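Structure first, commentary second.
Please read all numbers here as calculations on a predicted model, not as lab measurements.
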Amino acid sequence: MRLSRRGLILGGSAMLAGCATAAPPPAPITVAELQPPPPPQPTYTPAVQVTPPPLDPQRLVRPELMSRAMAALDIHHERLPLRDRMYLVDFRRFSGEPRLYEVDLIGGRVTPFRTTHGRGSDPEHSGYARRFSNEPESYMSSVGAYATAGASWGPQQGPNVLLDGLEYTNNLARDRAIIVHGADYADPEFLEREGKLGRSYGCFSTAHADLPLLRERMGQGRLLFAFA
């Protein structure tokens with residue numbers, strides 16, 4: 001359930017250690033404080049107009065999460081050129097439930113996966129993320145809009161997907177080595193045994209069986225949006 005804090009992750013020109021690096025952390029963001037003002041209206045017209053997916057019969061995705069993600073697509077359009085699908089993480093949900101969603105923005109299909117949160121976000125290991133931070137060594141999850149930065153590989157976590165944080169709440173993602181990777185503590189066997197997923201150092205850890213599909217489909221230049 002523990003991750004190495006000193007693995008090399010290859011991405012771009014950066015060499016990152018573990019899921020965190022050292023620096024004095026300020027006060028974390030709590031769920032109660034996580035209520036940013038409505039995002040500004042975009043001042044451009046995208047080349048391809050995208051509307052929220054028409055189909056979600058099971059209402060898997062919370063409307064507020066979907067709305068904020070759609071706004072983020074426009075706000076960060078220069079860093080998110082691919083608008084065929086996006087990835088949403090609902091940190092309000094229990095870690096044992098599917099809460100990472102691939103949203104098909106063309107056909108409306110929503111495909112759920114499971115993902116972890118950081119141990120600093122849930123120090124009592126309740127299964128719920130309560131606090132969020134962008135600071136190194138906080139071991140907390142960060143919220144906000146990320147751009148997927150392509151498939152990579154590291155000697156500790158193995159195959160992964162690199163992420164670039166686009167907002168003040170997550171813009172140290174590369175420095176903290178916040179990535180998408182597979183982990184034993186996110187596998188179904190762990191969930192069946194413990195009743196919840198384990199905790200990362202802030203990364204979006206997934207089941208090993210789910211990672212190849214996500215790694216292939218996330219690619220580079222798509223939105224991953226996390227919120228609570």
Side-chain angles (χ1 to χ4, degrees), residues 1-23 25 87-89 91 95-96 98-102 112-123 125 127 129 132-166 170-191 193-194 196-226:
M1 188 165 64
R2 295 176 59 88
L3 290 180
S4 169
R5 292 171 52 190
R6 298 185 178 275
L8 295 179
I9 296 173
L10 305 180
S13 61
M15 297 184 65
L16 308 175
C19 278
T21 55
Y87 297 84
L88 310 182
V89 178
F91 277 137
S95 71
R99 56 179 181 176
L100 164 61
Y101 309 106
E102 179 185 88
F113 302 88
R114 291 185 175 87
T115 191
T116 64
H117 52 252
R119 62 178 55 241
S121 292
D122 180 15
H125 201 187
F132 304 91
S133 175
N134 190 35
E135 291 302 314
E137 296 290 350
S138 68
Y139 305 138
M140 295 187 195
S141 296
S142 298
V143 292
Y146 297 82
T148 61
S152 185
W153 187 92
Q156 297 298 323
Q157 288 83 5
N160 60 74
V161 180
L162 299 174
L163 298 172
D164 288 322
L166 304 180
N170 63 9
N171 60 10
L172 297 180
R174 282 291 188 116
D175 294 335
R176 298 179 62 208
I178 302 302
I179 57 176
V180 180
H181 67 86
D184 294 343
Y185 54 82
D187 281 340
E189 295 80 7
F190 187 98
L191 175 61
R193 184 175 68 250
E194 303 292 334
K196 55 195 168 189
L197 299 189
R199 299 164 296 169
S200 69
Y201 281 171
C203 292
F204 299 93
S205 304
T206 68
H208 286 293
D210 292 335
L211 183 64
L213 177 64
L214 289 168
R215 191 167 180 256
E216 176 183 358
R217 292 179 61 78
M218 281 184 167
Q220 184 172 357
R222 291 186 174 88
L223 173 68
L224 186 152
F225 189 83

Next on the checklist: One pair to check against ring pair (Phe, Tyr, Trp, His ring centres under 6.0 Å): Tyr87 and Phe204. What are the steps and the verdict?
Outcome noted: CA-CA 12 Å; Tyr87 297 84; Phe204 299 93; over 10 Å; no

Next on the checklist: Apply side chain to side chain contact (heavy atoms under 4.5 Å, CB included) to residues Phe113 and Leu214 and explain how you reach the verdict.
Outcome noted: CA-CA 9 Å; Phe113 302 88; Leu214 289 168; 3.7 Å; yes

Item to check | Test log, rule side chain to side chain contact (heavy atoms under 4.5 Å, CB included), inputs Ile179 and Leu163 | outcome: CA-CA 6 Å; Ile179 57 176; Leu163 298 172; 5.6 Å; no

Checklist entry - When you look at Thr116 and Tyr185, which way does the side chain to side chain donor-acceptor pair (under 3.5 Å) test go after all the steps? => result CA-CA 9 Å; Thr116 64; Tyr185 54 82; 5.0 Å; no

Checklist entry - Could you walk me through whether Ser200 and His117 pass the side chain to side chain contact (heavy atoms under 4.5 Å, CB included) check? => result CA-CA 6 Å; Ser200 69; His117 52 252; 6.0 Å; no

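At distances below 3.5 Å, at least one donor-acceptor pair connects side-chain atoms of Thr148 with backbone N or O atoms of Gly219. Looking at Asp175, its side chain never comes within 3.5 Å of a backbone N or O of Pro136 through a donor-acceptor pair. The backbone N or O of Val89 sits nowhere less than 3.5 Å from a side-chain atom of Arg99 that would complete a donor-acceptor pair. In this structure a side-chain-to-backbone donor-acceptor pair under 3.5 Å is missing from Arg176 to Glu137. Judged by distance alone, the side chain of Asp164 and the main-chain N or O of Tyr146 form no donor-acceptor pair under 3.5 Å. With Ser95 contributing its side chain and Leu197 its backbone, the two residues share a donor-acceptor pair below 3.5 Å. Checked by atom type and distance alone, the side chain of Ser133 never pairs as donor or acceptor with a backbone atom of Ser138 at under 3.5 Å. In this structure a side-chain-to-backbone donor-acceptor pair under 3.5 Å is missing from Arg217 to Leu213. At least one donor-acceptor pair under 3.5 Å links the side chain of Lys196 to the backbone N or O of His125. Using modelled atom types, one side-chain atom of Ser141 and one backbone atom of Gly118 make a donor-acceptor pair closer than 3.5 Å.
Closest heavy-atom contact between Gly182 and Leu211: N-CD2, 3.4 Å. The two residues His181 and Pro159 come nearest to each other via the heavy atoms CB-O, 3.9 Å. The shortest non-hydrogen separation linking Cys203 to Ala177 is SG-O, 3.3 Å. Minimum heavy-atom separation, Gly120 to Pro123: O-CD, 3.6 Å.
Residues Ser121 and Phe132 form a side-chain contact, since some pair of their non-hydrogen atoms from C-beta on lies under 4.5 Å apart. Taking the side chain as every heavy atom from C-beta outward, Leu166 and Asn171 never approach each other to under 4.5 Å. Under the 4.5 Å side-chain criterion, counting only non-hydrogen atoms from C-beta, Gln220 is not in contact with Leu162. Residues Leu224 and Val180 meet the side-chain proximity criterion, which asks for heavy atoms closer than 4.5 Å.
Checking each of Leu100, Leu191, Thr206 against Arg114 for a side-chain contact (heavy atoms from CB on, under 4.5 Å) leaves exactly one that passes, namely Leu191.
One distance of note links OG of Ser205 with CD of Gln157; it measures 8.0 Å at 0.5 Å rounding.
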